Amino acid sequence: PGGVECPLPVPNQNKDAMKLFSLRILLNAAAALSLLVSASSCIKVTPDSGDQAEHYIGFTSSVETKAPVESSTDMDEFAVWAAYTAVGEEPEVPMKEVKVYRAAYNDVWVYDDLQMWKEGDWHFEAFYPLPSELRKTKPVLNEDALDVNFTAAHSGSQTGLEGLTVNYYYGPTASCDLMTAEADRSYPSGGGNAVQFTFNHLLSRVSIAAKAASDNVTLNSLTFGGMSVLGAYNTVEYPEQWQLLTKLDELSNVPAGSFRDLNDNIPSPLPSDGTSVDVLSDLLLIPQTPGDGTDGHAPITLEVTYAIGDATPETRTINLPSSTPWEPGRHYRYTLKLAMADVTLSVDMVPWDERNYTVIF
């Protein structure tokens, strides 16, 4: 129609056309395959990604380990450092505070800018939470602050110190959980499969409870204070230990921690059957030894105001016993027993949790 002629193809011309058409299909398929391969090099991989697992360092989720962290479901992200040493070479740090996070689509651990395995010795360290969330250029008195750095030991090292150092941790809210993990791998002899991290708590967990020794006992107020909330961990002077600090360049004369009962759910009066009631729960504090005035440590105290019946409220101050030092990863539950004549204190110390907190990296 419209005067346009449509000549019929000659048989030989038809064969040539079909060959050309087939060639175009092959070229298009090759181009598509090339794009697919190129795109795959940017895809985040896990150890389940077939042969790539032998080349890229990947993650998989097998963790069953608020604050405080009690299971892997409480963890959404953490930071990883990696030191790599080739035979006869000085170490390098190819991974520096890399953010590892859960993929929303399949709940596996992933990270950006994939790192390939290379022949040599690897040392991995992880830290929870992300230091960048707490790193502040000028810490303030009512906010948590953290400064962490990583050192790869080498033959010229003067200290031999290797791994993560907390230059300072300031925790006035006692609500941040700190955990670390490390792992070593020789590649390729150790294989290219996932590297497993088992996280350990750096802080102590402290709870305060109260109970009545008689009927009609009312708890008016409770203040828990005197502990250090500023410290450094794994420094040259104190390897793999906490060092209590009193000041920083940005923060001088850091006050001791103080936590006051703000729980409006405490029954008044306290249960008459002697059931203990949590007053301050799950404070996450720097490991330290409560002082008794003779061991060089500052006293950590409980000041409680209470009343029995219609009597005038009384205030008592109790020093925590120095015989129970706080250790990392332990839960200390102090119970005040409020009576007519006096207030007594008992303490139970238990492991934070019986389960291991394990992440596979």
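No experiment lies behind these values; they were computed from the predicted model shown. All residue numbers in this chain count up from 1 along the given sequence.
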message: Any donor-acceptor pair under 3.5 Å linking the side-chain atoms of T165 with those of N149?
response: no

query: Has the side chain of Q288 got a donor or acceptor atom that lies under 3.5 Å from a matching backbone atom of S228?
result: yes

message: Can you tell me if K96 has over 12 outside heavy atoms packed within less than 6.0 Å of its NZ?
response: no

statement: The reported gap from CG in L270 to NZ in K337 (rounded to nearest 0.5 angstrom) is 13.0 Å

- prompt: Heavy-atom distance under 4.5 Å between the side chains of P287 and L203, does that happen here?
  reply: yes

message: Checking the side chain of S204 only, and the main-chain atoms of E327 only, is there a donor and an acceptor separated by less than 3.5 Å?
response: yes

query: From D147 CG over to Y170 OH, what is the distance, rounded to the nearest 0.5 angstrom?
result: 15.5 Å

- line: The side-chain hydrogen bond (donor to acceptor under 3.5 Å, both in side chains) partners of D121 (sequence neighbours excluded) come to S186

- request: Look only at the side chain of Y306 and the backbone of A339, and say whether a donor-acceptor pair between them is shorter than 3.5 Å.
  value: yes

Side chain proximity check, V277 to P271, heavy atoms < 4.5 angstrom: yes

message: Below 30° counts as parallel, above 60° as perpendicular, anything between as tilted: where do the rings of F124 and W117 land?
response: perpendicular

message: Apply ring pair (Phe, Tyr, Trp, His ring centres under 6.0 Å) to residues F78 and F199 and explain how you reach the verdict.
response: CA-CA 11 Å; F78 55 90; F199 281 87; 5.4 Å; yes

task: Rounded to the nearest 0.5 Å, what's the gap from CG on L230 to NZ on K247? Could you check?
output: 11.5 Å

message: Are W326 and T289 packed together at the side-chain level, in the sense that at least one heavy-atom pair is separated by less than 4.5 angstrom?
response: no

message: Membership question, hydrophobic clusters at under 4.5 Å side-chain separation (ILVMFWY): are V87 and Y187 in the same one?
response: no

message: Under 4.0 Å between a side-chain nitrogen and a carboxylate oxygen: does that hold for K99 and E133?
response: no

- request: State, yes or no, whether a side-chain contact exists between V229 and Y169 at a heavy-atom distance under 4.5 Å.
  value: no

field: Flag, side chain of D278 to backbone of L280, donor-acceptor distance under 3.5 Å
entry: no

task: Under the side-chain hydrogen bond (donor to acceptor under 3.5 Å, both in side chains) rule, what do T305 and T315 come out as? Steps first, then yes or no, please.
output: CA-CA 4 Å; T305 299; T315 299; 2.8 Å; yes

- prompt: To the nearest 0.5 Å, what is the distance between CG (L219) and CG (D261)?
  reply: 6.0 Å

task: Return the set of residues passing ring-ring contact (aromatic ring centres under 6.0 Å, His included) with Y84 (not counting sequence neighbours), or none when no residue passes.
output: W122

task: Mind checking side-chain hydrogen bond (donor to acceptor under 3.5 Å, both in side chains) for W242 and listing every partner two or more places apart, or none if nothing turns up?
output: none

field: Main-chain N/O of D177 paired to R205 side chain as donor or acceptor, under 3.5 Å
entry: no

field: Minimum side-chain heavy-atom gap I208-L302 below 4.5 Å
entry: yes

task: Go through the structure and list residues passing side-chain hydrogen bond (donor to acceptor under 3.5 Å, both in side chains) with R330, not counting sequence neighbours.
output: none

query: Can L130 be reached from L146 by stepping across I, L, V, M, F, W or Y side chains whose heavy atoms are under 4.5 Å apart?
result: no

- prompt: To the nearest 0.5 Å, how far apart are CG in L164 and CG in L178?
  reply: 11.5 Å

- prompt: Hey, what do you get for CZ (R316) to CG (L338), rounding to the nearest 0.5 Å?
  reply: 10.5 Å

task: Determine, for E303 against R260, whether the closest basic-nitrogen to carboxylate-oxygen distance falls under 4.0 angstrom.
output: no

message: Let me check something: do Y238 and I286 share a hydrophobic cluster, defined by ILVMFWY side-chain heavy atoms less than 4.5 Å apart, either directly or through other members?
response: no

message: Do V304 and S221 have side chains that approach each other closer than 4.5 Å (heavy atoms only, starting at C-beta)?
response: no

query: Side chains of V254 and L245: closer than 4.5 Å at any heavy-atom pair?
result: no

query: Do any N or O atoms from the side chain of N234 and from the backbone of E240 form a donor-acceptor pair under 3.5 angstrom?
result: yes

- line: Applied to residues 208-219, the side chain to side chain donor-acceptor pair (under 3.5 Å) test, sequence neighbours excluded, yields none

- prompt: Got a sec, which residues hit side-chain hydrogen bond (donor to acceptor under 3.5 Å, both in side chains) with E182, two or more places apart in sequence or on another chain?
  reply: none

Flag side-chain contact, heavy atom, 4.5 Å: Y101 against D112: yes

